[in-house]
Amino acid sequence: DTELNPNAIELLNWNIQKGQDPDWGDKLYALGRSANIITLQEAPLVNAGWDDNVADQFHSFAPGVETRQSPTGVMTASTAVPLVQCNLSSREPLLLTPKATIITEYALAGLNETLLVINIHAVNFSLGMRAFGQQLGIAAAVLERHAGPVIFSGDFNTWRQARFDFVQEMIEAHGLTAVAFEIDERKRAFGIALDHVYIRGLKVNAAETYDTDTSDHNPMRVWLSN
């Protein structure tokens, strides 16, 4: 496909912990088989373990940490081929391991506007805010230039209040709002959720999270429309 239906966008976001659990592929297929956008963090590139029918997917991949089995990184899968794909790489200041961001853009059927999707695995092990802020700042610059609807999802590693506040200020400054979950099973650190979905120019029809032992993060599903 070359376009997404703006009235039926189903998103799955999940940090899948490098696919270490033997059942992760089955769980991903169960949750993602009807999705037309899947944003994954710590996704293994080799021996991917999910059925080819998960969103019939065109896969965009930006490498992060390489394990003995496979490169892992940030992956965005979609039923429509993106108009644009841009990979951005940051580094953990202490560990020097890469942390990736993927930016993709999609045509929307019947609309002149395009959908911007930003999938991020944010810098984690930093003493201050500099590396974290720089990585988010690049995303902010992209948001500023895009006039159409936006999905900004991923593992933001908002494990302390200063990080969460930084993200909150950034998304509010660019007109995005957080998707809320009535039953919220997202992984938390010090009471703050680590994974988020932010949107602009879209409305939420439903949103769910799932408690699973397949990863150290829990998946999030969101149903959106224009």
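Every value quoted in this text rests on a predicted model; they were computed, and no experiment measured them. Position 1 is the first residue of the sequence; numbering continues from there.
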Query raised in the report: Do L224 and L111 belong to the same hydrophobic cluster, where Ile, Leu, Val, Met, Phe, Trp and Tyr are linked whenever their side-chain heavy atoms lie under 4.5 Å apart, directly or via other members?
Result: yes

Report task. Test V222 against V204 for side chain to side chain contact (heavy atoms under 4.5 Å, CB included), laying out the working first. Result -> CA-CA 7 Å; V222 183; V204 179; 4.2 Å; yes

Query raised in the report: Does T2 use its side chain to pair, donor to acceptor, with the backbone of V81 at less than 3.5 Å?
Result: no

Query raised in the report: Just one of N15, D155, N13 clears the side chain to side chain donor-acceptor pair (under 3.5 Å) bar with Q41, so which one?
Result: N13

Report task. Might you point out which heavy atoms bring A147 and E113 nearest each other, and give the distance in Å? Result -> O-OE2, 4.0 Å

Report task. With sequence neighbours left out, write down each residue that passes side-chain hydrogen bond (donor to acceptor under 3.5 Å, both in side chains) with Q168, or none if nothing qualifies. Result -> E172

Query raised in the report: Any side-chain heavy-atom pair from V167 and F152 closer than 4.5 angstrom?
Result: no

Report summary line: Output for pair (H146 NE2, L115 CG), nearest 0.5 Å, gives 6.5 Å

Query raised in the report: Mind checking whether F164 and F190 have ring centres under 6.0 Å apart?
Result: no

**Report entry** From CG (L12) to OG (S34), nearest 0.5 Å
**Finding:** 9.0 Å

Report task. Check whether any side-chain heavy atom of T212 lies under 4.5 Å from a side-chain heavy atom of D21, and answer yes or no. Result -> no

Query raised in the report: Is a side-chain N or O of R145 found less than 3.5 angstrom from the main chain of V142, in a donor-acceptor match?
Result: no

Requested in this report: To the nearest 0.5 Å, tell me how far T104 OG1 sits from L83 CG.
Outcome: 9.5 Å

Requested in this report: May I ask you to test the I38-L31 pair for a side-chain heavy-atom distance under 4.5 Å?
Outcome: no

Report summary line: Here the gap from L202 atom CG to I9 atom CD1, rounded to the nearest 0.5 Å, amounts to 5.0 Å

Query raised in the report: Where the side chain of N119 meets the backbone of M75, is there a donor-acceptor pair that is under 3.5 Å apart?
Result: yes

Report task. Check step by step if side chain to side chain contact (heavy atoms under 4.5 Å, CB included) holds for V74 and T101. Result -> CA-CA 7 Å; V74 173; T101 307; over 6 Å; no

**Report entry** Residue pair D195 / M220, side-chain heavy-atom distance below 4.5 Å
**Finding:** yes

Query raised in the report: Between F166 and G133, what is the shortest heavy-atom contact and its length?
Result: CZ-CA, 3.6 Å

Requested in this report: Quick one: pull up CD1 in I192 and CG in N157 and give me the separation to the nearest 0.5 Å.
Outcome: 11.5 Å

Report task. Would you confirm whether R200, through its side chain, and G175, through its main-chain N or O, come within 3.5 Å as a donor-acceptor pair? Result -> no

Query raised in the report: Quick one: does NZ or CZ of R163 land under 6.0 Å from the six-membered ring centre of F132, within 45 degrees of the ring axis?
Result: yes

Report task. Measure from the side-chain N and O atoms of W14 to the backbone N and O of H217, and report whether any donor-acceptor pair falls under 3.5 Å. Result -> yes

Requested in this report: Output, in order, the C-alpha distance, side-chain angles, deciding distance and verdict of side chain to side chain contact (heavy atoms under 4.5 Å, CB included) for I103 and L116.
Outcome: CA-CA 7 Å; I103 298 169; L116 179 72; 3.5 Å; yes

Report summary line: CD1 of I118 to OH of Y198, rounded to nearest 0.5 Å, is 12.5 Å

Report summary line: Heavy atoms of A180 and A207 approach each other most closely as O-CB, 3.7 Å

Report task. Compute whether any side-chain donor of one residue and acceptor of the other, for T209 and N218, lie under 3.5 angstrom apart. Result -> no

Query raised in the report: Do V179 and L11 have side-chain heavy atoms sitting under 4.5 Å apart?
Result: no

Query raised in the report: Is the closest side-chain heavy-atom distance between T79 and L4 below 4.5 Å?
Result: yes

Report task. Decide whether T39 and S153 meet the rule of one side-chain donor and one side-chain acceptor closer than 3.5 Å. Result -> yes

Query - Minimum heavy-atom distance R188-D184, with the two atoms named - result: NH2-OD2, 2.8 Å

Report task. Could you tell me which non-hydrogen atom of G201 sits nearest to which non-hydrogen atom of P149, and how far apart they are? Result -> O-CB, 3.8 Å

Query raised in the report: With side chains defined as the heavy atoms from C-beta onward, is the minimum distance between E105 and P82 less than 4.5 Å?
Result: no

Query raised in the report: Would you say I199 and T177 make side-chain contact, with heavy atoms under 4.5 Å?
Result: yes

Report task. Taking all heavy atoms of A193 and all of R186, pick out the closest pair and write down the distance. Result -> CB-CZ, 3.7 Å

